[in-house]
S.K.: 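Right, I'll just put the structure down here and ask away after.
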Amino acid sequence: MTDFPGPPDSAARERDAAESASAFAHPAVAPDRTAAYGDHPDQVVDFYAPRGGRTGAPLVVLLHGGAWRSPYDRAHVSPLADFLARRGFAVANVEYRRGGDDIPRQRAGAEPGAGSAGPVAGRWPETFDDVAAALDAMPALASRELPGADVRRIVVSGHSAGGHLALWAAARHVLPEGSPWRLPAPPSLRGVVALAPIADFATAVGLGVCGGAVTQLLGGGAGPVLDGDAGSVLGGDAGSALGGDAGSALGGDAVAVERAAHADPGVLLPTGIATAIVHGVEDIVVPPAVSEAYVDAAARSGETVGLTLLGGVGHFPLIDPSADACAVVAEELAQLAW
């Protein structure tokens with residue numbers, strides 16, 4: 001059982017504010033090319049060519065964070081994409097549909113006093129539709145837009161909510177039978193590097209991560225509440241996959257529990273895909289307990305997930321090119337890509 005940390009003190013909040021300001025102070029970096037993977041305006045990918053004209057560069061597919069909410073888009077990780085391109089990677093910075101103020105069904109799941117006044121987190125099923133479509137289209141798109149990229153060496157990475165999506169994208173072959181996103185075989189990836197990911201839904205809900213974002217993403221409050229052990233009452237794939245912890249964390253909400261079986265990386269294990277997580281010890285946005293719970297779940301499934309905990313580091317230095325933590329991220333990517 002994961003021990004939940006107490007609320008952050010004033011010093012931790014000040015650190016987080018300073019780190020956030022630094023990460024968001026960088027101007028957006030324009031891509032070399034942009035291509036669409038669908039018809040919606042958010043179904044686009046920005047491509048960054050490896051600097052110096054390098055050929056045969058591994059491709060990093062980057063999924064931005066922001067609690068799956070619409071105010072945060074791919075622009076805020078464009079400095080990271082440029083940083084990685086200068087390190088010799090080809091980079092695909094993916095946009096996807098996020099939650100906004102126009103989703104009353106999902107808004108029903110917002111937790112009072114926990115950020116429910118802002119945009120809802122995620123769009124179900126569009127957020128997952130888009131990530132699946134982008135990854136499926138990526139080899140052809142990258143080959144066309146970035147001739148210097150080696151699409152046989154793809155590493156998926158993401159930060160925060162994007163870290164969740166990166167882990168999920170690598171687990172599509174273990175989704176429940178009948179899932180529209182399920183792949184018949186493991187995706188052709190060299191690996192995943194997840195940065196402070198929302199990796200385990202039960203732990204994230206227990207900690208109230210990002211103002212109830214997980215519950216909103218799953219449409220919590222949109223369906224009936226189950227009596228007893230929500231994880232077992234559902235039966236079938238959803239019940240056996242989730243177990244009691246996730247069902248209890250989601251309040252026994254039938255819709256949220258069923259959807260979590262298709263969306264929670266913590267139950268989509270083992271994947272057989274090389275996976276590394278980088279997390280700041282001082283992270284108060286997505287506490288490291290969330291990643292630790294995922295690593296523990298992977299171990300129970302017989303899989304080893306690398307976890308690098310960075311002392312004195314919070315949530316945002318992992319995407320801040322001016323922070324030392326960013327160099328660690330680049331090294332983790334290199335270890336899987338080359």
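Here, residue 1 is the first one in the sequence, and each next residue gets the next number.
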S.K.: Holding to ring-ring contact (aromatic ring centres under 6.0 Å, His included), I want the full list of residues that pass it with W168, two or more places apart in sequence or in another chain.
M.R.: F128, W181
S.K.: Residues in salt bridge (Lys or Arg N to Asp or Glu O under 4.0 Å) with D46, at least two apart?
M.R.: R74
S.K.: Are L175 and L183 co-members of a hydrophobic cluster defined by side-chain heavy atoms under 4.5 Å apart?
M.R.: no
S.K.: Could you tell me which residues satisfy side chain to side chain contact (heavy atoms under 4.5 Å, CB included) with A299, sequence neighbours excluded, listed by chain and number?
M.R.: none
S.K.: For S22 and A18, indicate whether the former's side chain and the latter's backbone hold a donor-acceptor pair under 3.5 Å.
M.R.: no
S.K.: Quick one: which residue pairs count as a salt bridge (charged side-chain N to carboxylate O under 4.0 Å, His left out) with a foot in residues 135-150, not counting sequence neighbours?
M.R.: R33-E145, D136-R172, D150-R152, D150-R153
S.K.: Would a 4.5 Å heavy-atom cut-off, applied to side chains only, mark V60 and F89 as touching?
M.R.: yes
S.K.: Residues two or more places apart in sequence or in another chain: which of them pass salt bridge (Lys or Arg N to Asp or Glu O under 4.0 Å) with R97?
M.R.: D130
S.K.: Report yes or no: does R98 contribute a side-chain atom to a donor-acceptor pair with the main-chain N or O of S70 at less than 3.5 Å?
M.R.: yes
S.K.: Can H279 and L310 be said to form a side chain to side chain contact (heavy atoms under 4.5 Å, CB included), step by step?
M.R.: CA-CA 6 Å; H279 214 125; L310 301 181; over 6 Å; no
S.K.: Under the rule for side chain to side chain contact (heavy atoms under 4.5 Å, CB included), what residues qualify as partners of A28, not counting sequence neighbours?
M.R.: A75, S78
S.K.: According to ring-ring contact (aromatic ring centres under 6.0 Å, His included), does anything in residues 302-332 pair up with another residue at least two apart or in another chain? List the pairs.
M.R.: F24-F316, H159-H315
S.K.: P50: what forms a side chain to side chain contact (heavy atoms under 4.5 Å, CB included) with it, not counting sequence neighbours?
M.R.: R54, A57, A90
S.K.: Could you check whether E95 and H64, counting side-chain N and O atoms only, form a donor-acceptor pair closer than 3.5 Å?
M.R.: yes
S.K.: Considering only distance and modelled atom types, tabulate donor-acceptor pairs under 3.5 Å from the side chains of residues 191-200, sequence neighbours left out.
M.R.:
unit_1 : atom_1 : unit_2 : atom_2 : d
D200   : OD2    : T203   : N      : 3.0
D200   : OD2    : T203   : OG1    : 2.7

S.K.: Is any side-chain heavy atom of Y96 closer than 4.5 Å to one of D42?
M.R.: no
S.K.: Please enumerate all residues that pass side chain to side chain contact (heavy atoms under 4.5 Å, CB included) together with D39, with sequence neighbours excluded.
M.R.: none
S.K.: I'd like to know if the side chain of R259 and the backbone of D264 have a donor-acceptor N/O pair within less than 3.5 Å.
M.R.: no
S.K.: Hydrophobic clustering (ILVMFWY, side-chain heavy atoms < 4.5 Å, transitive) - are L167 and L307 grouped together?
M.R.: yes
S.K.: Quick one: does E332's side chain have a donor or acceptor within less than 3.5 Å of a partner on I277's backbone?
M.R.: no
S.K.: If you measure from CG on L309 to OG on S291, what distance do you get to the nearest 0.5 Å?
M.R.: 8.0 Å
S.K.: Please check this pair: side chain of Y48 against backbone of N93, looking for a donor-acceptor N/O pair closer than 3.5 Å.
M.R.: no
S.K.: Who passes ring-ring contact (aromatic ring centres under 6.0 Å, His included) against Y294, sequence neighbours left out?
M.R.: none
S.K.: Got a donor-acceptor contact below 3.5 angstrom from the T127 side chain to the R123 backbone?
M.R.: yes
S.K.: Is the shortest side-chain heavy-atom distance between H173 and P187 below 4.5 Å?
M.R.: yes
S.K.: Backbone N or O of G162 within a donor-acceptor pair of the S160 side chain at under 3.5 Å?
M.R.: no
S.K.: Is there any salt bridge (charged side-chain N to carboxylate O under 4.0 Å, His left out) pair reaching into residues 307-331, and which pairs are they, with sequence neighbours excluded?
M.R.: none
